[in-house]
Amino acid sequence: MKSFVLRILVAVCFLFFPWSQIQAAGEFTADYDVSYAVAPTGVTIVTHQVTLTNKLTNLYAREYSIVFDSTKIDNIIAYDDGGQITPDISQEDGKTEIKLRFNSQVIGVGKKLAFSLRFENEDIAQKLGSIWEVHLPGVANDPDLGSYFVSLAVPPSFGPIAYMSPPPGEGKRWNREQMTHGGVSLGYGAKQQFLLNLSYYIENPSVTSKSIELAIPPDTAYQKVTIASLDPTPDEIVRDNDGNWLARYTLGSGKKQDVTARLYIAITMDPRPGWTQRIDVDANTRPQRYWESTDPTIISIANKLKTPKEIYTYVVDTLGYDYKRVNQNPIRKGARAALSSPDASVCMEFTDLFIAIARAAGIPAREVIGYAYTTNTKLRPLSLVTDVLHSWPEYYDTERGQWIPVDPTWADTTGGIDYFSKLDFNHIAFAIHGENSEYPYPAGFYRKPDKTTRDVTVTFADIIPETSSKPLDVSIAFPASVIAGFETKGTVKITNRTGASVEGVNVSVQSTPVDVALFRTEKVLPPFGTVTMPFALTSGDYFSGGKGRIVTAVNDQISTHQFSIRPAVWLLLPGGIVAGVAIVALLLITKKPRKLGASDI
């Protein structure tokens, strides 16, 4: 499969004729020096400097042809020692074939014929949103291929390099070994920004009211989400153990609801500084539906593959992408079934097989379903056709405390581009499946019956709106006055009413004159998320009075609540003195005053 894809990327053939004009092959060595010079507009000047060396005395090279997987090729110029060559150009099925008939005829063992081919290609570099992507095609591992060197020049306006896969093998040049194992993928820029418009449809068919939740694309180590609008506003958004954002809505019996979300998402290549995530290892290594990690065949494979890289390579080499199956609304098969029909796989099988083998090897792994922006569905296809979604696996790096995304599907379809060391700016996570292989459902799966339009639209965004500088709303629910000696309960509630998550929410609740001291830290508080801290306090003895104060600190935000402390004798005022004295006497006998009482958090 891999060699076939490589030949699609760059298929090179030579037509050799002896003096009797009978075709001969395999009698020449071809050495290449290929340079790519990208203009600020993205148009790339490609120059092939080729040297053909004769292996026999009675043959000479008469023609040369090369096939490119692109039709955006123009201004073709070719020369040999005899002068300019007029190329013969043909285009068919999205490919361009260039044929050259040489002016010079070089005969003799070891004799060399040098020629150059120069043209412009608009498919090498593309600007997608804020990012410039450059893809240098690989070359088939032909037995006539000698040396093969590739160099690249891009303008400073492209910005900093974000990723390069693989890095040059010799100085600033890529070599034959690298180019015959796939092309080169590069990205320039700091971050990519997207605007998403999502539609959801939920309903409650039960006879009682019910809380229904739907998945909103969450923050991850590589993406930052800003909710511009979410209509209607949910009761709350909670963050589960996998990091999903689940918006909860209460629906009455038989009620139906359309929900629309408008989101901005910024994607970076490297994880955000300080982002780590503790996980339940058992929950992320146990078998699940589609991840049959206890299957004997999968265990046997896992025993031979000890690292995520080895598992990734095995999956890429074993499975083959089935483009026909994509258009058939494919049913998820799972890892075990993927091994039974490896060439009938789509992204779900690449993902499930990676996860199952990793879990069998004791490596925590999970699935991400989302949107992967692509301009070439042949090289970088999308398999979940309902709303052109894509899936890819992640494995957990225990040393870094981070989930690492990889994409074996695109590694296969691009002919070996490295989607293990680095991903790209194009993968947007909608939902994460770690503790459960099927839930929650991502955006695009909440479709209204008989709806024909898409529920997911993704475009590039130039600017992401800024959120409020004071994002958290703090409320303290506690009476304005309390009776001394009696326990009084209250609640502190912190709500994020903005569209962006807040990281590192440190909360403290303290009071005077009663010494209440409660502390809590939320690593991430999602938009519309809440932190609730119940507490209880008993103010002094039954005959004390005065003023009290509750102080809540949320990071740098300070909120206070003043309350009055009334002595227990105050209870005598509205009622009978005898009854009041009896109550106070009884309390003094049966109950000892406390300084502090706190309920579970």
Side-chain angles (χ1 to χ4, degrees), residues 127-132 159-160 162 187-200 214-239 243-249 258-275 370-373 387 424-432 442-444 446 454-475 494-505 522-531 554-557:
K127 187 174 185 183
L128 303 176
S130 305
I131 303 300
W132 276 100
Y188 296 84
K191 64 181 178 180
Q192 184 66 282
Q193 300 180 153
F194 293 99
L195 170 62
L196 281 66
N197 286 285
L198 309 176
S199 298
Y200 301 81
L214 52 86
I216 302 293
D219 278 359
T220 71
Y222 302 89
Q223 74 179 32
K224 177 68 176 176
V225 178
T226 300
I227 300 177
S229 63
L230 186 55
D231 186 27
T233 301
D235 300 332
E236 63 175 341
I237 292 180
V238 298
R239 185 173 183 264
N244 291 295
W245 289 358
L246 303 176
R248 291 177 174 170
Y249 291 87
D258 290 304
V259 179
T260 59
R262 183 178 175 87
L263 316 174
Y264 292 92
I265 297 183
I267 305 290
T268 57
M269 283 300 303
D270 297 314
R272 285 185 278 162
W275 183 282
Y371 189 96
Y373 192 92
D387 264 290
D424 55 24
F425 290 100
N426 301 319
H427 288 66
I428 306 172
F430 280 11
I432 303 166
Y446 302 80
R454 292 174 58 179
D455 286 340
V456 176
T457 60
V458 180
T459 57
F460 293 113
D462 295 327
I463 300 175
I464 294 181
E466 294 185 0
T467 57
S468 169
S469 59
K470 186 180 179 182
L472 300 178
D473 177 63
V474 180
S475 63
I494 298 97
T495 304
N496 179 9
R497 300 192 184 281
T498 70
S501 67
V502 180
E503 298 176 21
V505 179
E522 287 290 323
K523 183 177 178 58
V524 179
L525 184 61
F528 305 103
T530 60
V531 176
V554 183
N555 295 341
D556 295 331
Q557 294 179 231

*With sequence neighbours left out, write down each residue that passes ring pair (Phe, Tyr, Trp, His ring centres under 6.0 Å) with Trp132, or none if nothing qualifies.*
Phe158
*With a 4.5 Å limit on heavy-atom distance, are the side chains of Asp455 and Tyr200 in contact?*
no
*Donor-acceptor pair, side chain of Asp231 and main chain of Thr260, under 3.5 angstrom*: no
*What residues, two or more places apart in sequence or in another chain, satisfy ring pair (Phe, Tyr, Trp, His ring centres under 6.0 Å) together with Tyr222?*
none
_For the aromatic rings, using the six-membered ring if either is Trp, is the centroid distance between Phe460 and Phe194 under 6.0 Å?_
yes
*asked:* Using a 3.5 Å distance criterion without hydrogens, assess whether the side chain of Gln223 forms a donor-acceptor pair with backbone atoms of Ile265.
replied: no
*Are Arg272 and Glu503 close enough for a salt bridge, meaning some N to O gap below 4.0 Å?*
yes
*For Asp270, what residues pass the side-chain contact (heavy atoms from CB on, under 4.5 Å) criterion, not counting sequence neighbours?*
Lys422
*Applying side chain to side chain donor-acceptor pair (under 3.5 Å), name anything that partners Ser501, two or more places apart in sequence or on another chain.*
Asp219, Lys224
*Would you confirm whether Asn555, through its side chain, and Gln557, through its main-chain N or O, come within 3.5 Å as a donor-acceptor pair?*
no
*Taking only residues two or more places apart in sequence, or in another chain, which ones meet Pro232 in a side-chain contact (heavy atoms from CB on, under 4.5 Å)?*
Tyr249, Gln257, Val259
_Would you say that Val456 contacts Tyr371 through its side chain, given a criterion of any heavy-atom pair below 4.5 Å between the two side chains?_
yes
*Is there side-chain contact between Thr457 and Ser199, with at least one heavy-atom pair below 4.5 Å?*
no
*asked:* Any non-hydrogen side-chain atom of Trp245 less than 4.5 Å from a side-chain atom of Val225?
replied: yes
*asked:* Taking the side chain as everything from C-beta on, heavy atoms only, tell me whether Leu214 gets closer than 4.5 Å to Leu246.
replied: no
*Can you tell if the side chain of Ile216 reaches within under 4.5 Å of the side chain of Ile227, non-hydrogen atoms only?*
yes
_Ser130 backbone acceptor or donor facing Gln192 side chain under 3.5 Å_ = yes
*Using side chain to side chain donor-acceptor pair (under 3.5 Å) as the criterion, list what pairs up with Thr530, not counting sequence neighbours.*
Glu236
